[in-house]
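Note that the structure is predicted; figures quoted are calculated from it, not measured.
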There are 2 protein chains.
Amino acid sequence: MTTLKELSKLLNISVSTVSKALNDSHEISDTTKKRVNELAEKLNYKPNRIAQQLKTNKTRTIGVILPTVTNPFFAEVLHGIEMAATNNDYDIIVCLSNETLNKEKRSLELLSNGSVDGFIMAVAREGQVKQEINHIQTILDSKIPVLMFDRVVDEIKCDKVIVDDFQSVYEVTEHLIEKEGRKHILLVSNIEELSVGKLRIKGYTKALEKYNLKPNILKLDNALDVEKSIHTYLSKNSEIDAIISIDHITGIVAINMAKKLGREIPNNISIVGFGYEHTELLSSPKISIIHQKAYDIGEMSVKLLLERLNTENHKAQTVIVPSELKLSESSKNSL
Amino acid sequence: MTTLKELSKLLNISVSTVSKALNDSHEISDTTKKRVNELAEKLNYKPNRIAQQLKTNKTRTIGVILPTVTNPFFAEVLHGIEMAATNNDYDIIVCLSNETLNKEKRSLELLSNGSVDGFIMAVAREGQVKQEINHIQTILDSKIPVLMFDRVVDEIKCDKVIVDDFQSVYEVTEHLIEKEGRKHILLVSNIEELSVGKLRIKGYTKALEKYNLKPNILKLDNALDVEKSIHTYLSKNSEIDAIISIDHITGIVAINMAKKLGREIPNNISIVGFGYEHTELLSSPKISIIHQKAYDIGEMSVKLLLERLNTENHKAQTVIVPSELKLSESSKNSL
DNA sequence: TTGTAGGCGTTATCAA
DNA sequence: TTGATAACGCCTACAA
């Protein structure tokens, strides 16, 4: 890589003159500027990023710590983060915790040595179950901003971007009851130990309470065979006339199983799931989804974090990104 | 952040002594080592990564440039890359080209200023269509190693990790003909302009040639409604007794459409797609898939790149990661 | 056993 | 208008 020093030698002028010329300083004559720029161009000079970072003590890099990236929700969030970061001339260093506390800790620790200006993260399942938060608080104490999205730790004071988990499920449940006349709504869950799962279940139960209906919850967390579990439940409980899946997979499975059992969708049973970009393509009839604006969540996370990086201690804020109910053929009153 | 200088001041010893003590140099007395380490511990000292990078001219960071991360194939590759990188104490900076040439160019350019030691990339769709490769060659000319995976540019000499696209489709086609007695095999494609798409199609046509069968190819590239296109084709061509989808979505759609048309799977028609981790869950009957070892591809990519970084110019090599045919209920002779 | 000095590549201050 | 010098934080050859 070409350096300032090399340029300065070749041109027989000082390093500092070269530097100023390249930065178009008014102190430098047009003729030298021209000479410098031409040679720089020719040798494809680029300022060494690492040296700049050392000098300015800013990395323009965000550490992004995700539980996984094969879950389409996190993939789409990452997409949003990457785009927003790029648009603001930031890089992202991505670490995957694989839902484990250890890897999450390690990543935070390793990157908090000056590698990044701040973090965007969703906590690992294990950490959320065990309620461990010290490693995150440590980072904050060392004055590195952390933004948490989706899965969030209430006890930690920092910027947060969350989804309207409670509200969206509450509303869809209410919709199923009021608009579609459903009375036996099953909730299928494989994430009930996550903060988001708890909120979604709460939205469901609260709505049922309002109408004096009784909850039916099928927890699949350790189920080896999701298809079979759902199939069995449905065949044994023929009164079920609606299913809400609170993740992005089991809703599709529910559609397939309902069809297999000869249930007519949506006449006989309505099915709603959580979904993202291409979820709808994957079932026939198309599944109704609570569409989480994952991309927006990513964008918003970057926005908030950069605000914090560029402003002196304003108060921590929490932004809720509303999701959108997309009713489809698998819902009775399809739009 | 605590620095060596701060420690040295507090302990009234020189910076270099502190540095040596922390690096457990034999030059330093045990008593000083102890003093230094205790204070370092107490103040949570961590060597500044940026300074180390500047000093050693090594970043221990890999630039990863992906077309997208919402495609589960690339998500899984990223997973493999991240894990392998972490295991070797490397970070990854992730950029998404969004399948555009511009973003890909920009990312390569921005990171080639000393930010990374090397690149792992799959080229954007646009670049592959337009056959533009100069930006990649430029990076290689500047002595930064590039490893290409999956979508690959033949004209560029560099390490490559690819899938056995031709072979796997050839074999599955042969299997459908020989073992399942299929004669009217439809290939559904939405990636025929990619290097991998071309190879898969070639595998299909070559196999058909061998048996003197005629190819049926349904190109969906610009199809607004994939479901409808497949539905229409199937209803007009009732002789079709097998479908091979060369991507990870349209196979699922094909299953749903075949069912809708009353076709019996697998008695009446066999359906095979490309897939990854959870693809099988999404259809009933479970789709047969050519399972690409995306995670392995990521791991292998890191392995090869690190080999190149740590060894003097050995020759460029290409590794083929074989995929695995997983026959399922949607195939006649299910295992 | 400890300390001094120089340098990685850049930028900023001050002097010429 | 240009150049010398110092500094960011770390490491290391060499001197003490």
- Item | Donor-acceptor contact present, side-chain B/Arg125 to main-chain B/Asn98, <3.5 Å | no
- Taking atom C1' of D/dG9 as reference, at what distance in whole Å does atom NZ of A/Lys58 sit? 16 Å
- In whole angstroms, the gap separating C1' of C/dT1 from NE2 of B/His26 amounts to 11 Å
- Query: With sequence neighbours left out, what residues match B/Lys42 under side chain to side chain donor-acceptor pair (under 3.5 Å)?
  - Reply: none
- Query: B/Ile50 near the nucleic acid: base, sugar-phosphate alone, or nothing, with a heavy-atom cut-off under 4.0 Å?
  - Reply: nothing
- Item | Distance-only side-chain donor-acceptor flag, B/Glu104 / B/His135, under 3.5 Å | yes
For residues 140-149 of chain A, dump all side-chain donor-acceptor pairs below 3.5 Å to protein atoms at least two apart in sequence or in another chain.
{"from": "A/Asp141", "atom 1": "OD1", "to": "A/Gln137", "atom 2": "NE2", "distance (Å)": "3.0"}
{"from": "A/Ser142", "atom 1": "OG", "to": "A/Ile139", "atom 2": "O", "distance (Å)": "2.7"}

- Task: Can you tell me the distance, in whole Å, between the CG atom of A/Leu11 and the C1' atom of D/dG3?
- Result: 15 Å
- Integer-rounded Å distance: D/dG9 P and B/Glu6 CD: 8 Å
- Task: Tell me, with the steps shown, if B/Lys293 and B/Met300 meet side-chain contact (heavy atoms from CB on, under 4.5 Å).
- Result: CA-CA 10 Å; B/Lys293 304 289 185 44; B/Met300 179 58 77; over 6 Å; no
- Message: Please tell me whether B/Thr61 and B/Asp91 have a donor and an acceptor in their side chains that are separated by less than 3.5 angstrom.
- Response: no
- Under a 4.0 Å heavy-atom criterion, the protein footprint on nucleotides 9-16 of chain C, written with B, S and -, is BBBBBB--
- Task: Taking only the side-chain nitrogens and oxygens of A/Thr17, find out if one of them lies under 4.0 Å from OP1 or OP2 of D/dT2.
- Result: no
